[in-house]
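Here is the structure we will look at, set down as structure tokens.
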Amino acid sequence: MNMTKKIKKIGVMTSGGDAPGMNAAIRSVVRTCTHYRIDCAGIYRGYQGMIEGDFIDINARSVSGIINKGGTILKSARSDEFRTKAGRKKAYDQLQKAGIDALVLIGGDGTFTGGMIFNKEFGFPVVGIPGTIDNDIFGTSFTVGYDTALNTVVEVVDKIRDTASSHNRLFFVEVMGRDAGFIALNAGIGAGAEEILIPEEDMGLDRMLQSLKRSKRSGKSSSIVIVAEGDKTGKNVFELAEYVEKNMPQYEVRVSVLGHMQRGGSPSCFDRVLASRMGVKAVELLLDHKTNLMVSINNNRIETTDLEKAVKGQHKINMELIRVSDIMSI
Ligand code: F6P
């Protein structure tokens with residue numbers, strides 16, 4: 001495809017795990033298209049819907065009343081077929097048939113990898129908006145959905161704290177983050193957790209026991225350990241609870257797995273604003289004949305990161321936060 005071809009219609013889709021604020025991003029893309037007097041098509045169910053030609057023409061009014069809605073009106077799916085060349089060719093043909101000239105991809109690593117391959121094979125212009133609660137995308141300080149998930153977790157852990165201190169109990173709370181500890185670490189500090197276990201660092205079980213003993217000695221009426229799904233202790237949250245019960249019979253232990261509730265709910269103001277800013281930028285990049293970029297935010301400025309870097313790089317956790325958490329849980 002000729003990269004300087006005038007863009008008349010942009011397709012927008014959400015893919016991978018959903019995140020609060022994805023609707024706000026869709027709304028922004030659609031309304032920016034209207035602003036620049038070009039057409040916009042919604043692509044249902046990510047790459048799978050693209051292969052099947054499951055498109056809908058959308059305009060500024062079709063996205064009314066969605067800025068505050070969790071989930072994604074365009075749905076999300078994983079597509080094995082898009083991993084094959086034949087599947088991608090089908091998707092390309094469907095886009096051509098619908099007159100779609102460029103794509104805004106809202107999602108994470110997997111979504112962006114698919115977009116890069118698609119661009120390489122067909123020269124199709126693609127721009128990404130980072131949307132995942134995990135905040136694990138390189139090149140951007142924040143992804144759409146992360147702030148909302150943090151607030152959800154803090155709110156729930158505050159409630160768990162109420163019951164934990166009424167019964168003098170220790171709670172292990174598992175939060176999402178298969179490969180990243182952003183939610184665990186930040187929500188953990190926000191909710192005053194005694195210990196936080198994250199995938200980026202193996203703190204060791206001994207350290208956790210020592211810390212819990214210290215808490216007990218200092219007269220705390222409850223303790224909360226936040227465990228990211230992908231923590232490196234080698235034990236899941238139930239095994240951790242058993243381990244502590246065995247080694248510290250003085251503790252009465254309970255487990256709470258927060259699960260997918262962390263992905264739902266009305267987006268925070270931060271996520272709505274972030275999604276709105278990123279949607280505007282994504283469309284403007286495409287109209288400027290830019291491709292293979294992800295919209296990012298750093299120091300409160302909207303910037304871009306090469307999709308390849310976003311996918312290959314690792315968003316590093318701020319280790320200073322671990323120190324802060326240690327001091328706070330004294
Ligand atoms: O959205 C990212 C994430 O929440 C991960 O932290 C988690 O491991 C994963 O999604 C689970 O997603 P699913 O149940 O959709 O496979």
Side-chain angles (χ1 to χ4, degrees), residues 13-26 44-49 69-80 82-83 105-115 128-157 172-188 190 196-201 226-238 240 255-268 270-271 274-275 278 294 310-311 313-317:
M13 68 171 218
T14 48
S15 164
D18 66 340
M22 279 186 163
N23 281 328
I26 295 167
Y44 284 113
R45 294 176 293 117
Y47 290 119
Q48 195 53 38
K69 298 274 190 299
T72 158
I73 58 161
L74 292 175
K75 316 273 182 190
S76 194
R78 295 200 167 91
S79 172
D80 286 334
F82 195 79
R83 291 177 197 276
L105 311 169
I106 306 169
D109 274 356
T111 311
F112 298 158
T113 303
I129 293 179
T132 161
I133 63 163
D134 289 342
N135 205 36
D136 59 346
I137 309 275
F138 177 80
T140 186
S141 302
F142 301 109
T143 56
V144 172
Y146 168 59
D147 181 68
T148 307
L150 277 185
N151 285 302
T152 301
V153 173
V154 165
E155 194 185 325
V156 174
V157 176
F172 280 88
V173 181
E174 186 194 273
V175 301
M176 275 190 166
R178 201 169 21 198
D179 308 305
F182 289 94
I183 294 180
L185 194 50
N186 286 277
I196 303 168
L197 305 179
I198 55 174
E200 287 83 350
E201 186 152 292
I226 302 279
V227 186
E229 274 176 296
D231 88 281
K232 289 284 181 291
T233 56
K235 292 190 188 295
N236 69 33
V237 75
F238 294 100
L240 280 171
V255 173
S256 189
V257 177
L258 302 191
H260 288 75
M261 59 115 82
Q262 294 162 90
R263 290 225 300 241
S266 180
S268 66
F270 180 90
D271 275 331
L274 180 65
M278 286 186 161
M294 176 188 80
V311 167
Q314 207 206 342
H315 187 180
K316 293 254 169 24
I317 208 112

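Order of listing sets the numbers, starting from 1, for every ligand and every atom in it. All values below were derived from every heavy atom in this structure, side-chain atoms included, with hydrogens, water molecules and symmetry-related copies excluded.
- The protein non-hydrogen atom at the shortest distance from atom 4 (O) of ligand 1 is Met176 SD, 2.8 Å.
- A donor atom on one side chain and an acceptor atom on the other are found under 3.5 Å apart for Asp147 and Ser268.
- Closest protein heavy atom to atom 1 (O) of ligand 1: Arg263 NH1, 3.3 Å.
- Of the protein's non-hydrogen atoms, Glu229 OE1, 2.9 Å is the one closest to atom 8 (O) of ligand 1.
- Nearest protein heavy-atom neighbour of atom 2 (C) of ligand 1: Asp134 OD2, 3.0 Å.
- His260 counts as a contact of ligand 1, since one of its heavy atoms falls under 4.0 Å from the ligand.
- Residue contacts with ligand 1: Gly177 is placed with a nitrogen or oxygen under 3.5 Å of a nitrogen or oxygen of the ligand (distance criterion only).
- Protein heavy atom closest to atom 16 (O) of ligand 1, with residue, atom name and distance, is Arg78 NH1, 3.5 Å.
- Residues Met176 and Leu258 are not in side-chain contact: their nearest non-hydrogen atoms beyond the backbone lie 4.5 Å or more apart.
- Between Asp18 and ligand 1, a contact under 3.5 Å exists for no N or O pair.
- Taking the six-membered ring where the residue is Trp, Phe270 and Phe142 present perpendicular rings, their angle passing 60° and hence far from 30°.
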>> Determine whether Tyr146 and Asn186 satisfy the following criterion, side chain to side chain donor-acceptor pair (under 3.5 Å), listing intermediate values before the conclusion.
In response: CA-CA 10 Å; Tyr146 168 59; Asn186 286 277; 3.0 Å; yes

> Would Ile26 and Met13 satisfy side-chain contact (heavy atoms from CB on, under 4.5 Å), going step by step from the backbone distance to the final call?
Replying inline: CA-CA 8 Å; Ile26 295 167; Met13 68 171 218; over 6 Å; no

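- Counting non-hydrogen atoms of other residues, nucleotides and ligands closer than 6.0 Å to NZ of Lys232 gives a total above 12.
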